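The block underneath contains the structure these notes are about, expressed in structure tokens.
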Amino acid sequence: MKLLLHICCAPCSVKCIEYFRKEKIDITGFWYNPNIHPLTEYTKRLETLIEYAKRIELPLEVIDYYGLRTFVKNVADDVGARCSYCYKSRLNMTAEYARNNQFDAFSTTLTISPYQKHDLIREHGDEIGESYEIKFLYKDFRESFRTGQALARENNLYMQKYCGCIFSEEERYSKSAGGFKKTLK
Ligand code: SF4
């Protein structure tokens with residue numbers, strides 16, 4: 001099977017790639033993540049993946065699109081529900097690329113994270129797969145999350161501190177600082 005694997009970041013990809021290779025699935029990595037902000041963080045994650053893919057000889061397709069304005073425009077009215085748009089935009093692009101380039105299926109490394117909304121990813125993946133007439137391969141990798149992160153550290157991969165969007169960055173650091181308002185006092 002020829003699988004196009006959407007990769008959200010190098011650390012999350014470690015165990016997913018290992019699994020698919022063990023299953024003798026022919027994988028190509030796919031980068032399309034306009035949800036990662038700011039630009040310096042986006043660049044760091046992309047460069048890490050490019051270097052890692054070379055190291056493990058993984059074919060990698062890159063759509064290098066930062067897309068901050070479009071992302072923010074689409075989620076700003078309902079920031080709490082933003083992950084739905086975020087998953088859809090990335091899975092849509094992956095499915096379209098997979099269909100146009102003769103892949104048999106598409107998948108995503110997002111499903112290794114216990115912090116992601118798996119039901120939503122699966123629902124959107126299946127719907128998008130149907131509309132592009134290509135199979136969405138859902139695999140729950142959550143039990144490999146900790147091992148994968150440890151392996152990524154051993155491999156000296158850049159480890160990000162928040163999910164990706166500017167809103168997740170705010171959540172991450174306002175919590176660790178004891179709340180944004182508090183830090184202003
Ligand atoms: S929290 Fe993560 S999944 Fe949700 S919108 Fe932000 S980057 Fe996307």
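What you see is a predicted model; the values in this text were computed from it and never measured. Counting starts at 1 for both ligands and their atoms, following the listed order.
The protein non-hydrogen atom at the shortest distance from atom 6 (Fe) of ligand 1 is C165 SG, 2.4 Å. When hydrogens are left out, the protein atom nearest atom 5 (S) of ligand 1 is R82 CG, 3.3 Å; that is the closest non-hydrogen contact.
For the pair C8 and R90, the minimum side-chain heavy-atom distance is below 4.5 Å. Using a 4.5 Å cut-off on side-chain heavy atoms (C-beta onward), T108 and I121 make contact.
Relative ring orientation between F103 and Y97 is described as tilted, the plane-to-plane angle lying within the 30° to 60° band.
Taking a 4.0 Å cut-off on heavy atoms, K117 fails to register as neighbouring ligand 1.
Classification of E170 and R82 as a salt-bridged pair fails, no side-chain N sitting under 4.0 Å from a carboxylate O.
Not a single N, O or S atom of C163, from either the backbone or the side chain, sits less than 2.8 Å from atom 4 (Fe) of ligand 1. In summary, C86 places no N/O/S atom under 2.8 Å from atom 6 (Fe) of ligand 1, failing the contact criterion.
Atoms of ligand 1 found under 4.0 Å from any heavy atom of C83, numbered from 1 in the order shown, are 1 (S), 3 (S), 4 (Fe), 5 (S). Close contacts of ligand 1 with Q116, meaning ligand atoms under 4.0 Å from a residue heavy atom, involve 3 (S).
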- Item | Test salt bridge (charged side-chain N to carboxylate O under 4.0 Å, His left out) applied to K44 and E41, step by step | CA-CA 5 Å; K44 218 166 186 176; E41 178 73 18; over 6 Å; no
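Heavy atoms of S168 found under 4.0 angstrom from ligand 1 belong exclusively to the side chain.
Aromatic pair F71/F167: centroids not less than 6.0 angstrom apart.
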